[in-house]
Amino acid sequence: MKQHIADLIQQAIDALKTAGEFDADLVANIQIDNTRDKQHGDLACNVALTLAKVARRKPRDIAELICSQLPASKSVTKTQIAGPGFINFFISQDATQAIIGKVLTDADQFGRNNSGAGHKVQVEFVSANPTGPLHVGHGRGAAYGASVSNLLEASGYDVEREYYVNDAGRQMNILAASVWLRYLQQAEEEITFPSNGYQGAYVNDIAKHLRTQVGDRLKHSAPEVMSRLHADAPEGDKEKHIDDLIERAQSLLGQADYSLVFNAGLNSIRDDIEQDLHGFGVDFQHWFSERSLDQGDQINRAIAKLQEQGHVYEDGGALWFRSTAFGDDKDRVVKRDNGQTTYFASDIAYHLNKFERGMDTVINVWGADHHGYITRVKAALQALGIDPERLVVKLVQFAILYRGNERVPMSTRSGSFVTLRELREEVGKDASRFFYVTRKAEQHMDFDLELAKSESKDNPVYYIQYAHARICTLIRKLAEQNMAWDSVMGLEQLEKLSEPAEISLMQQIQLYPEVIAHAAYNHEPHQVAHYLKDLAGHFHSYYNAHRMVIDDVQLRNARMCLCMAARQVMDNGLTLLGVDAPEHM
RNA sequence: GCGCCCUUAGCUCAGUUGGAUAGAGCAACGGCUUUCUAAGCCGUGGGUCGAGGGUUCGAAUCCUUCAGGGCGUACCA
């Protein structure tokens, strides 16, 4: 409809150019907006205001010229010039009612578009270290990334969802040491668990499982393990202590058995995360291993590539990437003086890899604490000859957890945290998925567990699901009373839908495709959440004001068509957000 | 110090890329069910859009200065 109105205005402007009223080279940016106030009609155009300057005429005069040349359209019942020079359009009921047929025909395809056709985009999200279960802080990134991916798919993009598994590096070694020490404790060795180890109960579980598989084969005596170590905190240095323990584990176990312990920890947690996310309605096409970069020598290759371009220099025995040449505050080390490559070097190789896989655009969903990395990663891409605009980083602010008024502390290391699984079990997948994407990502968010857990009307997801379930009940009710309804007959009777509540519900339905397009373009799933709440509100008002199970067969068919169209849109929208559309509540 | 994000009703937040009189939900108050799910509907009150300045027909939105809050500023991962 907007396009149709824009075409009419363009025709009018062209006619005015021919008539010599406007310069032939005048270019009008025609923008059609939904009106806020229905007194201003249904759609409004501000072109007269924007043209005022270049055409050197008063806005209202331009609006009158345009209106005088506007071709007639059966969709438009009235136009008016209002305010400083807006042209307002009143849309005919026929044109509005036509949306119902479109929704019922397109069904689950309604609202989708093809603007991203032929475009490959990767969305990388969550990517939490596999050193423990996901906690609620990861939930927001998971919900956001999944919904953005769904929105992009609905806009025709070829989307790949990817999880970057940080399975290399010191944290993983700390996990391996933690697993082994718990294993030794279970084998009745007197081991004092390190303060810097992973304290969570899940480490015990992994150790237990490991022991059922290999028995006491990995056992060493406590004195062997604990002698001649740097002291632990508080007297000593907890970092040195844990590093010594890692070394001790590696030397006592040997490479093969150390890997066994290491992989037991990694695989168990990785599998747990995958299942957890699956239960959260989040599935990935690829789990990309950081270690695979090293094994394929991709890190050294990436550094060499930077070196070829002359962006790397040596200083103090280390290799530095000259990121300051691309707007960074300081240069960054890619290879340390001890010969090890840095995490940043892995990131360069990883991002190079993403684009070498043929992605047109890469979207990274990062926690807000990573914002300092954006500049350096983009710098590296630019140095590698890749347009940094092709990398889009979306920062997701932390959700601060509350139980009522009590703030919940979160730390993976201490083991005292609320896991995503707990949240899912207590609050439910639907409410938590919806709650997370109700706020825009860069907003700080207070997540009150008490509120989210309470199945009360305060929880907006129920409001929408309830609307959906109510419509499903209508269908059952009609069947019970042997009152058939027929969509083909209903679509022929749409002119009977002229109540204000019916018109405004249809108008709300009509907005859906542009909401999806807009939300996808801006990576803002919260727009869908707010839209659905409004749609449900329109439906509830309608439902309270009018009855659908009625004897008048024509009106009944028409109203049921409208209800079914509303149901379809709720279903489509909820699906994009990963929320179920229930038939009963 | 420097950098990024945020600041809108008592609370939690929207605000369609610069449009008309800034909107929801919650909380408060008053109504609506012999009839399709009251997890609902209808109504009432509530604002210096953090502050100042600028850009223009027009600013919550863009530019600038300042204040407040959060985060980041490793040869850690």
Side-chain angles (χ1 to χ4, degrees), chain A residues 31 33-37 39-40 44 46 48-50 52-53 58-60 82-86 88 129 131 166 168-174 239 290 315-320 328-330 332-338 340-344 346-347 367-375 395 397-398 400 438-440 442-446 448 451 455-463 465-467 469-478 480-481 483 511 514-515 517-519 521-522 524 526-527 529-531 533-534 536-537 539-550 563 584-585:
Chain A
Q31 186 187 334
D33 295 309
N34 299 310
T35 55
R36 211 189 310 254
D37 185 340
Q39 287 182 351
H40 298 136
N46 64 357
L49 297 163
T50 59
K53 206 166 199 177
K58 289 179 187 166
R60 284 195 75 109
F86 292 102
N88 294 333
N129 284 350
T131 52
N166 293 116
R170 181 165 173 266
Q171 294 304 322
M172 287 308 298
N173 285 320
I174 294 177
E239 303 293 345
E290 182 187 356
D315 185 41
L319 282 184
W320 296 73
D328 200 1
D329 300 336
K330 53 170 291 196
R332 307 290 170 176
V333 171
V334 288
K335 189 176 269 187
R336 285 183 263 164
D337 54 8
N338 65 8
Q340 287 190 338
T341 54
T342 60
Y343 184 80
F344 177 49
S346 299
D347 257 351
D369 56 335
H370 282 66
H371 69 75
Y373 294 29
I374 300 174
T375 313
L395 293 177
Q397 287 289 340
F398 295 122
I400 301 166
T438 282
R439 314 265 175 264
K440 65 177 168 215
E442 61 269 27
Q443 260 296 355
H444 296 92
M445 183 175 105
D446 291 340
D448 184 346
L451 180 71
E455 293 201 1
S456 75
K457 61 184 188 305
D458 304 353
N459 212 329
V461 65
Y462 293 116
Y463 184 77
Q465 291 184 316
Y466 184 46
R470 269 184 153 177
I471 297 169
C472 295
T473 301
L474 287 174
I475 301 165
R476 287 193 296 272
K477 214 76 195 175
L478 285 169
E480 277 170 26
Q481 303 194 7
M483 296 169 87
L511 292 178
E514 42 183 286
V515 169
H518 198 258
Y521 182 78
N522 290 304
E524 292 185 343
H526 77 274
Q527 293 189 15
H530 285 274
Y531 167 83
K533 218 154 51 164
D534 288 344
F539 171 75
H540 285 307
S541 296
Y542 177 42
Y543 182 91
N544 271 273
H546 302 286
R547 303 189 57 77
M548 291 80 194
V549 181
I550 45 175
C563 289
H584 305 266
M585 283 189 78

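Throughout, a chain's letter reflects where its sequence line sits, starting with A, and its residues are numbered from 1.
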Chemist: Let me spell it out: for each of A/Ala318 and A/Asn46, pick the nucleotide of RNA chain B with the closest heavy atom. Which residue's pick is nearer the 5' end?
Modeler: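 Its nearest nucleotide lies further toward 5', so the answer is A/Asn46.
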
Chemist: Aromatic rings A/Phe539 and A/Tyr542: how do their planes relate, parallel, tilted or perpendicular, breaks at 30° and 60°?
Modeler: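 Judged by the thresholds at 30° and 60°, the geometry between A/Phe539 and A/Tyr542 is perpendicular.
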
Chemist: Between B/U33 and B/G69, how far apart are the C1' atoms? Round to whole Å, please.
Modeler: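 One C1' to the other, the span is 48 Å.
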
Chemist: Parallel under 30°, tilted from 30 to 60°, perpendicular over 60°: which one fits the rings of A/His526 and A/His530?
Modeler: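 Perpendicular.
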
Chemist: Hey, does A/Arg470 have a side-chain heavy atom less than 4.5 Å from the side chain of A/His540?
Modeler: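 Side-chain contact under 4.5 Å: yes.
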
Chemist: Starting at NZ of A/Lys533 and ending at C1' of B/A39, how long is that distance when rounded to a whole Å?
Modeler: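 Those two atoms, NZ and C1', are 15 Å apart.
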
Chemist: Rounded to whole Å, please give me the gap between CZ in A/Arg470 and C1' in B/C36.
Modeler: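 Roughly 9 Å, once rounded to whole Å.
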
Chemist: Using atom C1' in both nucleotides, what's the gap between B/A39 and B/C26 to the nearest angstrom?
Modeler: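 Between the two C1' atoms, the distance is 15 Å.
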
Chemist: For B/G40 versus B/C57, give the span between their C1' atoms, rounded off to a whole number of Å.
Modeler: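 These two C1' atoms come out 45 Å apart once rounded.
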
Chemist: Rounded to whole Å, how long is the line connecting atom NE2 of A/His540 with atom P of B/A39?
Modeler: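 That distance rounds to 10 Å.
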
Chemist: Contact class for A/Arg170 (heavy atom, under 4.0 Å): base, sugar-phosphate, or nothing?
Modeler: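 The residue A/Arg170 makes sugar-phosphate contact but no base contact.
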
Chemist: Pick base, sugar-phosphate or nothing for A/Asp33, based on heavy-atom distances below 4.0 Å to the nucleic acid.
Modeler: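 Here A/Asp33 touches the backbone only, sparing every base.
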
Chemist: Taking the same atom, C1', in B/U61 and in B/G15, what whole-Å distance lies between them?
Modeler: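 Each nucleotide's C1' atom is 9 Å from the other's.
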
Chemist: If you look at every strand shown and take non-hydrogen atoms under 4.0 Å, does A/Lys330 touch a base, only sugar-phosphate, or nothing?
Modeler: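 A/Lys330: backbone/sugar contact only, no base atoms under 4.0 Å.
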
Chemist: For B/C71, what is the paired nucleotide under Watson-Crick or G-U wobble rules, both distances under 3.5 Å?
Modeler: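 B/G3 - that is the nucleotide pairing with B/C71, both distances being under 3.5 Å.
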
Chemist: As a test of reading the structure: which of B/A14, B/A77, B/C4 is closest to the side chain of A/Tyr343, going by heavy atoms?
Modeler: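 The nucleotide sitting nearest to the side chain is B/A77.
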
Chemist: Let's test your reading of the model: under 3.5 Å, does the base of B/C76 pair with the side chain of A/Tyr373 as donor and acceptor?
Modeler: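 Such a pair exists between side chain and base.
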
Chemist: Between the side chains of A/Arg476 and A/Thr473, is a donor N or O closer than 3.5 angstrom to an acceptor N or O?
Modeler: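 Yes, because at least one side-chain N or O of A/Arg476 sits under 3.5 Å from a partner of the opposite role on A/Thr473.
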
Chemist: Taking all non-hydrogen atoms of both residues, which atom of A/Asn34 and which atom of A/Leu511 are closest, and how far apart?
Modeler: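 Looks like ND2-CD2, 3.4 Å.
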
Chemist: Classify the nucleic acid contact of A/Gln481 as base, sugar-phosphate or nothing, counting any heavy atom under 4.0 Å across all strands shown.
Modeler: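 Contact class for A/Gln481: none.
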
Chemist: Measure NE2/A/His530 against C1'/B/U12 and give the value in whole Å, please.
Modeler: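 Taking NE2 of A/His530 and C1' of B/U12, I get 10 Å after rounding.
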
Chemist: Please check if the number of heavy atoms outside A/Gln39 that lie under 6.0 Å from its CD is greater than 12.
Modeler: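 Not more than 12 within 6.0 Å, no.
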
Chemist: Is the phosphate of B/C41, meaning OP1 or OP2, less than 4.0 Å from a side-chain N or O of A/Tyr463?
Modeler: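 Yes, A/Tyr463 has a side-chain N/O under 4.0 Å of OP1/OP2 on B/C41.
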
Chemist: If you only use heavy atoms from C-beta on, which nucleotide in B/G19, B/A39, B/U16 is closest to the side chain of A/Met585?
Modeler: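 The closest nucleotide is B/A39.
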
Chemist: Can you tell if the side chain of A/Arg336 reaches within under 4.5 Å of the side chain of A/Thr342, non-hydrogen atoms only?
Modeler: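 In contact.
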
Chemist: Is B/C41 paired to anything, Watson-Crick or G-U wobble with both distances less than 3.5 Å, and if yes, which nucleotide?
Modeler: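 When the pairing criteria are applied, B/G31 turns out to be the nucleotide that pairs with B/C41.
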
Chemist: Using a cut-off of 4.0 Å on non-hydrogen atoms, how would the nucleic acid contact of A/Glu480 be classed: base, sugar-phosphate, or nothing?
Modeler: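 The answer is nothing, as A/Glu480 stays clear of every strand by at least 4.0 Å.
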
Chemist: Counting side-chain heavy atoms from CB outward, which of B/G40, B/C36, B/A14 is closest to A/Val549?
Modeler: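 Ranking B/G40, B/C36, B/A14 by closest atom to the A/Val549 side chain puts B/C36 first.
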
Chemist: Give me syn or anti for B/U33, where syn covers glycosidic angles within 90 degrees of 0.
Modeler: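 Because its glycosidic torsion lies within 90° of 0, B/U33 adopts the syn conformation.
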
Chemist: Check every strand shown and say whether A/Asp369 touches a base, only sugar-phosphate, or nothing at a heavy-atom separation below 4.0 Å.
Modeler: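 Since only primed, P, OP1 and OP2 atoms lie under 4.0 Å of A/Asp369, the category is sugar-phosphate.
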
Chemist: Look at the side chain of A/Lys477 and decide which nucleotide, out of B/C75, B/G3, B/C36, has an atom nearest to it.
Modeler: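 Of all the options, the side chain of A/Lys477 is nearest to B/C36.
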
Chemist: For atom P, what is the distance between B/C66 and B/G1, given to the nearest Å?
Modeler: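 Looking at atom P only, B/C66 and B/G1 are 11 Å apart.
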
Chemist: Separation of A/His526 atom NE2 from B/C13 atom C1', in whole Å?
Modeler: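 Taking atom C1' of B/C13 as the reference, NE2 of A/His526 is at 10 Å.
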
Chemist: Taking a pair as Watson-Crick or G-U wobble with both distances under 3.5 Å, which nucleotide is matched to B/U61?
Modeler: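 WC or wobble partner does not exist here.
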
Chemist: Where the side chain of A/Tyr462 is concerned, which of B/C36, B/A39, B/G19 is the nearest nucleotide?
Modeler: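 The closest nucleotide is B/A39.
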
Chemist: Which of these nucleotides, B/G3, B/C5, B/C13, is closest to any side-chain atom of A/Glu442?
Modeler: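 In terms of side-chain proximity for A/Glu442, the closest of B/G3, B/C5, B/C13 is B/C5.
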
Chemist: Would you mind pulling out the nucleotide paired to B/U55, Watson-Crick or G-U wobble, both distances under 3.5 Å?
Modeler: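 Partner of B/U55: none.
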
Chemist: Nearest-Å distance, CD (A/Gln397) to P (B/C4)?
Modeler: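 Spelled out: CD on A/Gln397 to P on B/C4 is 14 Å.
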
Chemist: Flag the pair A/Val334 / A/Thr341 as yes when at least one side-chain heavy-atom distance between them is below 4.5 Å, and no otherwise.
Modeler: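 A/Val334 does not reach A/Thr341 side chain to side chain.
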
Chemist: Which is true for A/His371 with a 4.0 Å heavy-atom rule: it touches a base, it touches only sugar-phosphate, or it touches nothing?
Modeler: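 Here A/His371 touches the bases of the nucleic acid.
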
Chemist: B/C71, B/G15, B/C75: which one has an atom nearest the side-chain heavy atoms of A/Glu524?
Modeler: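 From the listed options, B/G15 comes nearest.
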
Chemist: Write down the partner of B/C13 under the Watson-Crick or G-U wobble criteria, each distance required to be under 3.5 Å.
Modeler: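 Because both required distances fall under 3.5 Å, B/C13 counts as paired with B/G23.
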
Chemist: When rounded to the nearest Å, what value does the distance between P atoms of B/C63 and B/A24 take?
Modeler: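 Each nucleotide's P atom is 29 Å from the other's.
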
Chemist: Identify whether any heavy atom of A/Thr473 sits under 4.0 Å from a base atom; if not, whether one sits that close to sugar-phosphate; answer base, sugar-phosphate or nothing.
Modeler: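 If one applies the 4.0 Å heavy-atom cut-off, A/Thr473 turns out to touch a base.
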
Chemist: How far does CD of A/Gln465 sit from CE of A/Met585, to the nearest 0.5 angstrom?
Modeler: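 Spacing of CD (A/Gln465) from CE (A/Met585) equals 5.0 Å.
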
Chemist: Return the 5'-most residue of the pair A/Lys440, A/Tyr466 with respect to RNA chain B, ranking by each residue's nearest nucleotide.
Modeler: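 Looking at RNA chain B, the more 5' nearest nucleotide goes with A/Lys440.
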
Chemist: Which is true for A/Tyr521 with a 4.0 Å heavy-atom rule: it touches a base, it touches only sugar-phosphate, or it touches nothing?
Modeler: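 Here A/Tyr521 touches the bases of the nucleic acid.
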
Chemist: What is the base-pairing partner of B/C66, counting Watson-Crick and G-U wobble geometry with both distances under 3.5 Å?
Modeler: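 The base-pairing partner of B/C66, which may sit in any strand shown, is B/G50.
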
Chemist: About how many Å separate CG of A/Asp33 and CZ of A/Phe86, when rounded to the nearest 0.5 Å?
Modeler: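 Here the interatomic distance stands at 8.5 Å.
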
Chemist: Should A/Ser541 be listed as having a side-chain N or O under 4.0 Å from OP1 or OP2 of B/C42?
Modeler: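 For B/C42, OP1 or OP2 has a side-chain N or O of A/Ser541 closer than 4.0 Å.
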
Chemist: With the side chain counted from C-beta on, respond yes when A/Asn166 and A/Gln171 share a heavy-atom pair under 4.5 Å apart, and no when they do not.
Modeler: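 A side-chain contact under 4.5 Å is absent here.
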
Chemist: In the strands shown, is B/C36 matched to any nucleotide by a Watson-Crick or G-U wobble pair with both distances under 3.5 Å, and which?
Modeler: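 Check on B/C36: unpaired, no WC or wobble geometry under 3.5 Å.
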
Chemist: What integer number of Å spans the C1' atoms of B/C29 and B/G10?
Modeler: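 Taking atom C1' in both B/C29 and B/G10, they lie 15 Å apart.
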
Chemist: At 4.0 Å (heavy atoms only), tell me whether A/Gly316 reaches a base, stays on the sugar-phosphate, or touches nothing.
Modeler: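 Here A/Gly316 touches the bases of the nucleic acid.
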
Chemist: For A/Asp315, which contact category applies under a 4.0 Å heavy-atom criterion: base, sugar-phosphate, or nothing?
Modeler: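 Base contact - A/Asp315 has a heavy atom under 4.0 Å of at least one base atom.
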
Chemist: Please list, for nucleotides 20-23 of chain B, all pairs of protein and nucleotide N/O atoms separated by less than 3.5 Å.
Modeler:
{"unit_1": "B/A20", "atom_1": "OP2", "unit_2": "A/Arg36", "atom_2": "NE", "d": "3.4"}
{"unit_1": "B/A20", "atom_1": "OP2", "unit_2": "A/Arg36", "atom_2": "NH2", "d": "2.3"}
{"unit_1": "B/A20", "atom_1": "N6", "unit_2": "A/Asn88", "atom_2": "OD1", "d": "2.6"}
{"unit_1": "B/A20", "atom_1": "N1", "unit_2": "A/Asn88", "atom_2": "OD1", "d": "3.4"}
{"unit_1": "B/A20", "atom_1": "N1", "unit_2": "A/Asn88", "atom_2": "ND2", "d": "3.2"}

Chemist: Would you mind reading off the distance between A/Arg336 atom CZ and B/A77 atom P, rounded to a whole angstrom?
Modeler: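 Result: 4 Å.
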
Chemist: Take atom C1' in B/G72 and the same atom in B/U16, then report the distance between them in whole Å.
Modeler: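 Their C1' atoms lie roughly 32 Å apart.
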
Chemist: Reckon A/His584 touches a base, only the sugar-phosphate, or nothing at all at heavy-atom distances under 4.0 Å?
Modeler: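 A/His584: base contact, heavy atoms under 4.0 Å.
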
Chemist: Nearest whole Å is fine: how far is B/C76 P from A/Asn166 CG?
Modeler: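 So the CG-P distance, A/Asn166 to B/C76, works out to 16 Å.
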
